[in-house]
Novice: 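Mind looking over this structure? Questions follow.
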Amino acid sequence: MSHLIEPHGGTLKELYLAEDEAAAEKRRATEYPSWDLSQRQLCDIELLLNGGFSPLEGFLTPADYDRVVDEMRLADGTLWPMPITLDVTEAFAGDISEGQRIALRDPEGVLIAVMDVEAIWRPDFRREAVGVFSTEDTAHAGVDYLLNRGNPVYVGGRVHGVTEPVHYDFGHLRSTPRQLRERFAKSGWRRVVAFQTRNPMHRAHVELTFRAAKQAEANLLIQPVVGMTKPGDVDHYSRVRCYEHVLKKYPEQTTALSLLPLAMRMGGPREAVWHAIIRKNHGCTHFIVGRDHAGPGKNSQGEEFYGPYDAQHLVEEHRDEIGITVVPFQMMVYVKERAEYAPIDEVDDTKETVLQISGTEFRRRMREGLDIPDWFGYPEVVEELRKTYPPKHLQGFALFFTGLSGSGKSTIANAVMAKLMEIGGRRVTMLDGDLVRKHLSSELGFSKEHRDLNIQRIGFVASEISKNGGVAICAPIAPYAATRRQVREMVEETGAGFIEIHVATPLEVCEARDRKGLYAKARAGVIKNFTGIDDPYEAPEAPELTLDTTDCTPDEAAQEVILKLEKAGYISLR
Ligand code: PPS
């Protein structure tokens, strides 16, 4: 059952069941097939249930889906730009049938909603990508999800909310559409202009929102997306701390901050229309659409996917139907002579000096610990971001030595560790092959499966250490390229550095050394699957550094590593 309420903001469809019905469904749901919602699906269902996606009443069924993809409209003609679909695995699809009710749960198993299965189908994802995003290029995050990351089967049907998704973070800043409408009504805010963002806010954003509010004679709602944004964006915890600082820059009682649990698709123009509808549902009367709204970045040819003002034009075209006033904005730039911000189209750059710092330049400055000028960012915000993105010499990294047994990995690794300790200021953990096999992988042998598992464990620990600013020195044989690549990804996706060092001492030299007598045993067949003898070693193709200890001392090899680290900015020797 859906509940309709209609204060200013239009019809709001909340899809939660009444308490007694929800309790009954909770009992019955133990018998229903159960689907664990992904992070993206959890975001979608939260906004479906609380009315953020009004007028939708569930995940799209084929008639709505087809028309949304082709014409940006539901089957009944209502404007709706983004397919909200439930993608499931073949295995799950095989277990359910149309007409049935299924349980939708969060990762902890909490029953969020039940769903009437009205349709199960295998969509044409390429058609969806072209229809919605105008491209099949997987450099577009929305397309990448459709073609590479999502599940193959769609299930459509009405949803009925049982439990509100739980958030333990920033509870005081989360409001449903109904709560925001009530808050606006209580405060007498008749005109509210919404500002959407997925980035930290700097002075330019504040200037822009000030102007927008003034122009619309409205109060301001800063409503950043905290669900899922573009991969590589600043995490929402850091951003929200920044927004809280920024909020203090506005005159009291004029501006509100509220977090939106939206999973963005980076769909540019169509996404902007979607954002406008969502803001209307949250009780806003005006919506700021700036340059390149919800832009997905560059395509695989290095070009923009959409024109910079395409989004503005599309929202403008549909503003009456949406029932929201667009406040279009040009890019704001700092004009040196005026010592103030202005929209770029109001500046004559032949007479005045325009100052700008791009996102890329900002990140470079942060990474290298360089100054951020006061005209660009608020010191409190910059300080907050510096905690999240410390300069390189304070960032964590993993040093990953790989090479044959007896190649000198552990010896060099120990020497590097000693030198790092001597330099100081770094917390270093040694994950040497033998050490790991004693403490972390004592039950494992040397089959391919066991070696992979061993390296994955090292990768997991190294990523945890480096993520938190530490240095992890790993020195296993790690004979397989694919597994080493996995470890690199695990570390790099946390933002930490990964430096692969191939200790390429030839087999003959390692065997001649035979410090542990293992090569002799392997040759005699006493030890089986010995790397280099009767087990493979895939040499790295593009390691950051290659060392051969045939003719160099451990000290010299360690020195090479230290110089490499200094060059990369991870340590500062001078
Ligand atoms: S792996 O492949 O990365 O999981 O190996 P690793 O954990 O580094 O363990 C290698 C050490 O185990 C000893 N050892 C063997 N190595 C290779 N093959 C076989 N079959 C084998 N059996 C025992 C050997 O001492 C390796 O130590 P290092 O320090 O590399 O000489």
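Read the numbers this way: they start at 1 and go in the same order the structure lists the ligands and their atoms.
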Novice: Please report which non-hydrogen protein atom sits nearest to atom 24 (C) of ligand 1, along with the residue it belongs to and the distance in Å to one decimal place.
Specialist: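 For this ligand atom, the closest protein heavy atom is Leu518 CD1, 3.6 Å.
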Novice: Distance under 4.0 Å to a non-hydrogen atom of Pro476: what atoms of ligand 1 satisfy this?
Specialist: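 Near Pro476, meaning under 4.0 Å from one of its heavy atoms, ligand 1 has 3 (O), 8 (O).
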Novice: Are any side-chain N or O atoms of Thr483 and backbone N or O atoms of Asp452, one a donor and one an acceptor, separated by less than 3.5 Å?
Specialist: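 Answer holds: no.
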Novice: Any chance the rings of His502 and Phe401 have centres within less than 6.0 Å?
Specialist: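 Judged by ring-centre distance (under 6.0 Å), His502 and Phe401 do not meet the cut-off.
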Novice: Do the side-chain N and O atoms of Gln395 and Tyr389 include a donor-acceptor pair separated by under 3.5 angstrom?
Specialist: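 Not at all, the side chains of Gln395 and Tyr389 share no donor-acceptor pair under 3.5 Å.
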Novice: What part of Ser441, side chain from CB on, backbone N/CA/C/O, both or neither, has a heavy atom under 4.0 Å from ligand 1?
Specialist: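 It is neither part, as no heavy atom is under 4.0 Å.
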Novice: Could you list the atoms of ligand 1 found under 4.0 angstrom from a heavy atom of Ile455?
Specialist: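 Counting from 1, the qualifying ligand atoms are 3 (O).
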Novice: Can you sort out which atoms of ligand 1 are near Lys409, meaning under 4.0 Å from one of its heavy atoms?
Specialist: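 Heavy-atom distances to Lys409 below 4.0 Å select 30 (O).
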Novice: With heavy-atom distances below 4.0 Å as the criterion, list the atoms of ligand 1 near Gly406.
Specialist: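 Numbered from 1, ligand 1 contributes 31 (O).
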Novice: Which protein heavy atom lies closest to atom 31 (O) of ligand 1, and at what distance to 0.1 Å?
Specialist: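 Going by distance alone, atom 31 (O) of ligand 1 is nearest to Ser405 OG, 2.6 Å.
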Novice: Test your reading of the model: is there a side-chain donor-acceptor pair from Asp514 to the backbone of Leu518, 3.5 Å cut-off?
Specialist: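 Flag set: sc Asp514 to bb Leu518 pair under 3.5 Å.
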Novice: Where the side chain of Asn454 meets the backbone of His450, is there a donor-acceptor pair that is under 3.5 Å apart?
Specialist: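 Answer holds: no.
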Novice: Out of Arg457, Lys516, Arg437, who is nearest to atom 27 (O) of ligand 1 when you count heavy atoms only?
Specialist: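 The option holding the nearest heavy atom is Lys516.
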Novice: Heavy-atom distances under 4.0 Å are what count here, so tell me which part of Phe446 touches ligand 1: side chain, backbone, both or neither.
Specialist: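 The answer is the side chain of Phe446.
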Novice: Among side-chain atoms of Glu128 and Tyr154, is any donor-acceptor pair under 3.5 angstrom?
Specialist: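 Yes - a donor-acceptor pair under 3.5 Å links their side chains.
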Novice: Of all the atoms in ligand 1, which lie at a distance below 4.0 Å from a heavy atom belonging to Thr531?
Specialist: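 Within the 4.0 Å cut-off of Thr531, ligand 1 contributes 17 (C), 18 (N).
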Novice: Have a look at ligand 1 and work out which part of Asn454, if any, has a heavy atom under 4.0 Å from it: side chain, backbone, both or neither.
Specialist: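 For Asn454, only side-chain atoms sit under 4.0 Å from ligand 1.
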Novice: Report the nearest protein non-hydrogen atom to atom 3 (O) of ligand 1: residue, atom name, distance rounded to 0.1 Å.
Specialist: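 Looking at atom 3 (O) of ligand 1, the protein heavy atom closest to it is Ala478 N, 2.8 Å.
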Novice: With a 4.0 Å cut-off on heavy atoms, is Arg515 touching ligand 1?
Specialist: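 Judged by the 4.0 Å heavy-atom criterion, Arg515 does not count as contacting ligand 1.
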Novice: Compute the minimum heavy-atom distance from Asp535 to ligand 1 and say whether it is under 4.0 Å.
Specialist: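 Contact check Asp535 vs ligand 1: negative.
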Novice: Distance-only, no hydrogens or angles: does the Asn414 side chain make a donor-acceptor pair with backbone N or O of Thr411 under 3.5 Å?
Specialist: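 The answer is no, because no donor-acceptor pair under 3.5 Å joins these two groups.
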Novice: So does Ile477 get a backbone contact from the side chain of Thr402, meaning a donor-acceptor N/O pair under 3.5 Å?
Specialist: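 The answer is yes, because a donor-acceptor pair under 3.5 Å joins these two groups.
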Novice: Using a heavy-atom cut-off of under 4.0 Å, does the side chain or the backbone of Val436 touch ligand 1, or both, or neither?
Specialist: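 For Val436, no heavy atom sits under 4.0 Å from ligand 1.
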Novice: Indicate, as side chain, backbone, both or neither, the part of Asp432 found under 4.0 angstrom from ligand 1 when only non-hydrogen atoms are considered.
Specialist: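 Near ligand 1, Asp432 shows nothing, with every heavy atom at 4.0 Å or more.
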Novice: Say whether Ile477, considering both its backbone and side-chain N or O atoms, lies within less than 3.5 Å of an N or O atom on ligand 1.
Specialist: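 It does: an N or O of Ile477 is found under 3.5 Å from an N or O of ligand 1.
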Novice: So, applying side-chain contact (heavy atoms from CB on, under 4.5 Å) with Tyr570, which one of Ile562, Leu394, Ile499, Val471 is it?
Specialist: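 That would be Ile499.
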Novice: How far is atom 18 (N) of ligand 1 from its nearest protein heavy atom, and which residue and atom is that?
Specialist: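 For atom 18 (N) of ligand 1, the nearest protein heavy atom is Arg451 NH2, 3.0 Å.
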Novice: Under a 4.0 angstrom heavy-atom cut-off, which atoms of ligand 1 come close to Lys528?
Specialist: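 Heavy-atom distances to Lys528 below 4.0 Å select 20 (N).
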Novice: Pull out every atom of ligand 1 sitting under 4.0 Å from any heavy atom of Asn529, numbered as shown with elements.
Specialist: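 Ligand 1 atoms under the 4.0 Å threshold to Asn529: 18 (N), 19 (C), 20 (N).
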Novice: Are Gln196 and Gln223 close enough that a side-chain donor and a side-chain acceptor fall under 3.5 Å?
Specialist: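 No, no side-chain donor-acceptor contact under 3.5 Å.
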Novice: So which heavy atom in the protein is nearest atom 11 (C) of ligand 1, and how far is it from that ligand atom?
Specialist: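 Nearest protein contact, heavy atoms only, for atom 11 (C) of ligand 1 is Asp434 OD1, 3.7 Å.
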Novice: Determine yes or no for a side-chain-to-main-chain donor-acceptor pair under 3.5 angstrom, with Tyr519 supplying the side chain and Ser405 the backbone.
Specialist: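 Here the side-chain-to-backbone pair exists.
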Novice: Strictly distance-based, threshold 3.5 Å: is any side-chain N or O of Arg457 a donor or acceptor partner for the main-chain N or O of Leu440?
Specialist: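 Yes; judged by distance alone, with no hydrogens or angles, the pair exists.
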Novice: Is a side-chain N or O of Arg174 found less than 3.5 angstrom from the main chain of Asp169, in a donor-acceptor match?
Specialist: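 Yes, Arg174 side chain to Asp169 backbone: donor-acceptor pair under 3.5 Å.
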